[in-house]
Amino acid sequence: MIWKLMKKELKEFLKTGKIYVLLFSLLFFGISSPIIAKFTPEIIENLVKNQEMQGLIIQLPPPTWKDSFIQFFKNLNQIVFLIIVLLFIGCISEEKNKNTASIFIALGIDRKKWIFSKFLFQIIITYFFLLISFIACAYYTYFLFSTFPIQNSISAMFLYFIYIFFILSLIIFSSSLGNNFIQSAGIFLGIFIIFNLLSIFPNMNPYNPMSLSSLQNEWILKGVIWKDALKNIIFTLIYSFILLILGVVSFEKQEL
Amino acid sequence: MNIIETFNLCKYYKNKKALDNLNLEVPEGIIFGYLGPNGAGKTTTIRLLLNLAKPTNGYAIIMGENILKSKKYLSKIGFLPDVPNFYNYFTAKEYLAILAEILGVDKKRVDEVLELVDLKNEKKRIGTFSRGMKQRLGIAQTLLHDPKLLILDEPTSALDPQGRKEILDLIKSLKGSKTIFFSTHILSDVEKICDRVAIIKDGKLLLNEKVEELKKRYAKRMITIEVDNQDILWEKLKDKPWVINIAVHNKSLLLNIKDISMAQKEIPKIISENNLSLIHFEFLEPTIEDIFFEVIS
Ligand SMILES: Nc1ncnc2c1ncn2[C@@H]1O[C@H](COP(=O)(O)OP(=O)(O)OP(=O)(O)O)[C@@H](O)[C@H]1O
Ligand SMILES: [Mg+2]
């Protein structure tokens with residue numbers, strides 16, 4: 001049943017064109033990040049020359065593969081993050097709002113499976129496209145800089161996968177609680193802001209999913225230290241499962 | 001055998017008893033009209049029966065299963081919501097194909113049910129459908145898995161007279177093989193196709209009876225009389241204790257009678273005592289509408 005419901009999600013995703021938004025934006029950032037990293041210094045130098053400010057001496061360090069991946073993760077944590085939230089935040093709440101879920105639930109489809117199929121679909125499709133994006137970024141980085149350390153980039157990407165697992169769980173939770181797109185986006189934003197505020201306290205960092213993104217940068221710039229991330233990964237997964245369970249429990253109690 | 005039976009079913013909202021101790025029995029194989037004015041609790045009842053909302057109290061047995069304990073019965077029900085909505089980006093056929101796959105129904109069935117509601121050659125996206133078309137698609141969807149019981153929430157409310165007739169005919173044609181429970185506030189629909197009717201108001205069941213028995217029971221309560229001088233007759237009748245009220249209609253008097261046997265004895269007496277000549281005398285068949293207004297008032 002979960003499989004069939006996931007197929008339904010996929011068909012909807014195709015039909016609404018959302019799949020192209022996700023695929024092309026991820027592909028775009030995978031390819032553009034290395035290119036931007038490579039050519040930004042040159043562009044700036046040219047600008048300076050054209051402006052006839054020869055007196056000004058700008059010393060830009062030559063870009064490396066690190067700049068390429070820093071740029072890539074910056075895009076993933078900002079625009080791609082936003083795209084993922086916008087694409088999925090209405091997944092349950094809008095089905096309640098538009099009254100499309102009730103037909104399925106009234107046919108005896110288990111509410112747990114209903115939600116779980118959505119989460120599983122989102123995880124699979126997002127991970128799959130992220131992987132493509134990552135491969136594109138790695139390829140162009142290698143192409144432009146002739147090197148890229150596999151270990152750093154894959155490990156940092158792994159942290160992003162964990163982070164996205166948390167974000168998608170939070171999306172399911174918010175979407176389950178809210179009764180429409182706006183409400184669930186509000187719930188999502190509220191919780192997201194709370195976690196961000198918690199990063200003011202440095203001693204909370206090991207327990208805060210938000211520090212996963214700063215760790216990504218550190219791992220790219222300095223090197224991979226798994227010990228630093230262990231607590232973070234475990235706690236992020238724990239929060240994710242709690243959010244998922246709460247989302248399901250809440251949906252089971254709701255009137256449609 | 002009863003296909004639906006509810007036992008003190010209650011649904012209370014914060015300061016509203018949407019449903020209050022409902023004890024409803026729906027026999028198998030009939031067309032059952034669930035009648036009530038706006039806000040009576042029809043949709044609430046249906047949502048409780050379909051596991052879309054939980055009763056505050058009480059329970060129901062549907063096809064032998066307690067709805068609080070089992071969910072298996074749901075797959076044997078076809079449900080049309082009051083405002084049917086579907087995924088707007090799909091065509092009717094695509095949508096039903098998805099549903100068929102989830103329900104494990106043969107894809108051939110999709111064309112069959114679309115044919116029944118006259119949407120077979122509709123290639124437009126559901127988002128562009130009119131309300132009536134959505135209603136018809138909704139009915140097609142209820143039939144997809146060939147359920148034993150159809151629960152339809154106001155199936156004709158969005159339709160024009162032509163569409164309404166078609167849907168009523170369709171419902172009628174399903175009788176026997178399926179039990180059809182439909183809610184409505186359109187009295188003529190009930191009169192046309194229902195075997196049995198329940199009337200609900202303010203969350204309370206006011207009656208649940210076979211339509212013909214109901215009519216019999218309420219029959220012979222309305223009399224129309226025409227005499228040569230209706231003013232005299234009106235004067236004589238107006239204070240009789242067995243008369244509820246009198247209305248003048250064209251040249252006849254329309255009487256609403258409390259005690260029919262008294263009326264049958266007394267009226268001829270009055271006519272002969274006052275030397276009137278009788279032109280017309282008739283017991284009127286009540287319509288569901290008459291009964292409805294009498295029951296809910
Ligand atoms: N979720 C809810 N919260 C609070 N009150 C509700 C809720 N749902 C229904 N009600 C109230 O319960 C009562 C019954 O509503 P219901 O929708 O069952 O009526 P109905 O018979 O279907 O009416 P209609 O003919 O308008 O569809 C109404 O007074 C309504 O306001
Ligand atoms: Mg209603």
Side-chain angles (χ1 to χ4, degrees), chain A residues 1-22 87-88 90-118 120-122 175-176 179-181 248-256, chain B residues 11 13 18 43-44 46-56 62-63 65 67 70-91 94-105 125-127 134 137-138 141-142 144-145 147 149-153:
Chain A
M1 180 53 74
I2 286 181
W3 190 242
K4 287 179 185 167
L5 288 172
M6 281 169 65
K7 246 175 108 178
K8 167 204 148 251
E9 293 293 320
L10 177 63
K11 282 182 186 158
E12 250 186 292
F13 214 59
L14 277 163
K15 203 78 189 178
T16 52
K18 288 179 177 178
I19 197 163
Y20 307 109
V21 175
L22 190 61
L87 284 180
F88 293 133
C91 66
I92 301 164
S93 55
E94 277 302 301
E95 290 227 23
K96 287 193 276 184
N97 184 25
K98 300 220 173 85
N99 216 3
T100 48
S102 57
I103 286 179
F104 290 84
I105 302 303
L107 279 165
I109 286 160
D110 188 61
R111 294 183 188 218
K112 274 192 238 55
K113 289 181 183 162
W114 174 260
I115 290 201
F116 196 64
S117 70
K118 283 179 186 284
L120 212 58
F121 167 76
Q122 292 170 6
S175 200
S176 167
N179 285 322
N180 55 44
F181 186 93
V248 171
V249 168
S250 150
F251 190 63
E252 294 235 304
K253 291 210 173 111
Q254 284 168 26
E255 315 209 323
L256 297 174
Chain B
K11 182 68 187 178
Y13 290 106
T43 300
T44 303
I46 289 174
R47 288 171 62 230
L48 292 180
L49 296 181
L50 291 168
N51 187 37
L52 295 174
K54 290 201 174 54
T56 313
I62 298 183
M63 291 179 252
E65 287 177 45
I67 64 164
S70 170
K71 304 278 167 275
K72 279 211 230 55
Y73 72 96
L74 288 169
S75 61
K76 290 179 266 178
I77 299 179
F79 165 51
L80 175 74
D82 48 358
V83 186
N85 250 320
F86 313 96
Y87 302 118
N88 286 336
Y89 286 88
F90 293 109
T91 65
E94 287 166 341
Y95 175 73
L96 290 186
I98 290 174
L99 205 60
E101 185 168 356
I102 290 175
L103 294 172
V105 173
R125 294 191 302 118
I126 297 172
K134 283 189 186 171
L137 173 58
Q141 163 259 312
T142 63
L144 196 59
H145 52 306
L149 171 63
L150 293 186
I151 296 186
L152 315 174
D153 198 353

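To find a chain, count down the sequence lines: A is the first, B the second, and so on, and within it residues start at 1.
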**Message:** So for B/Leu103, is it side chain, backbone, both, or neither that comes closer than 4.5 Å to the heavy atoms of chain A?
**Reply:** side chain
**Message:** With a 6.0 Å cut-off (strictly less than), is the heavy-atom count around OH of B/Tyr13, excluding the residue itself, greater than 12?
**Reply:** yes
**Message:** Classify the ring geometry of A/Phe104 against B/Tyr87: parallel below 30°, tilted from 30° to 60°, perpendicular beyond 60°.
**Reply:** tilted
**Asked** With respect to chain A, which residue among B/Ile98, B/Leu52, B/Leu50 yields the maximal number of heavy-atom pairs within a distance under 4.5 Å?
**Response** B/Leu52
**Message:** Treating B/Asn85 as the side-chain partner and A/Lys98 as the backbone partner, does any N or O pair qualify as donor plus acceptor under 3.5 Å?
**Reply:** yes
**Request:** Compare every heavy atom of A/Ile103 with every heavy atom of B/Pro81, then report the nearest pair and how far apart it is.
**Result:** CG-CG1, 3.9 Å
**Item:** A/Lys113 atom NZ: more than 12 heavy-atom contacts under 6.0 Å
**Value:** no
**Message:** For B/Tyr89, is the OH atom crowded, meaning more than 12 foreign heavy atoms sit under 6.0 Å from it?
**Reply:** no
**Asked** Do NZ/NE/NH1/NH2 and the carboxylate oxygens of A/Lys15 and B/Glu94 come within less than 4.0 Å?
**Response** yes
**Prompt:** What are the two closest heavy atoms between B/Ile102 and A/Met1, and how far apart are they?
**Reply:** O-CE, 3.5 Å
**Complete:** In short, A/Leu107 meets B/Ile77 closest at the heavy-atom pair CD2-O, 3.7 Å
**Minimum-distance pair of heavy atoms, taken over all atoms of A/Glu252 and B/Lys54** = O-NZ, 3.1 Å
**Fill in**
dist A/Glu255:CD -> B/Arg47:CZ (nearest 0.5 Å) comes out at 5.5 Å
**Request:** Heavy-atom distances under 4.5 Å only: say whether A/Gln254 touches chain B with side chain, backbone, both or neither.
**Result:** backbone
**Prompt:** Just wondering, are more than 12 heavy atoms of other shown residues or ligands nearer than 6.0 Å to NZ in A/Lys7?
**Reply:** no
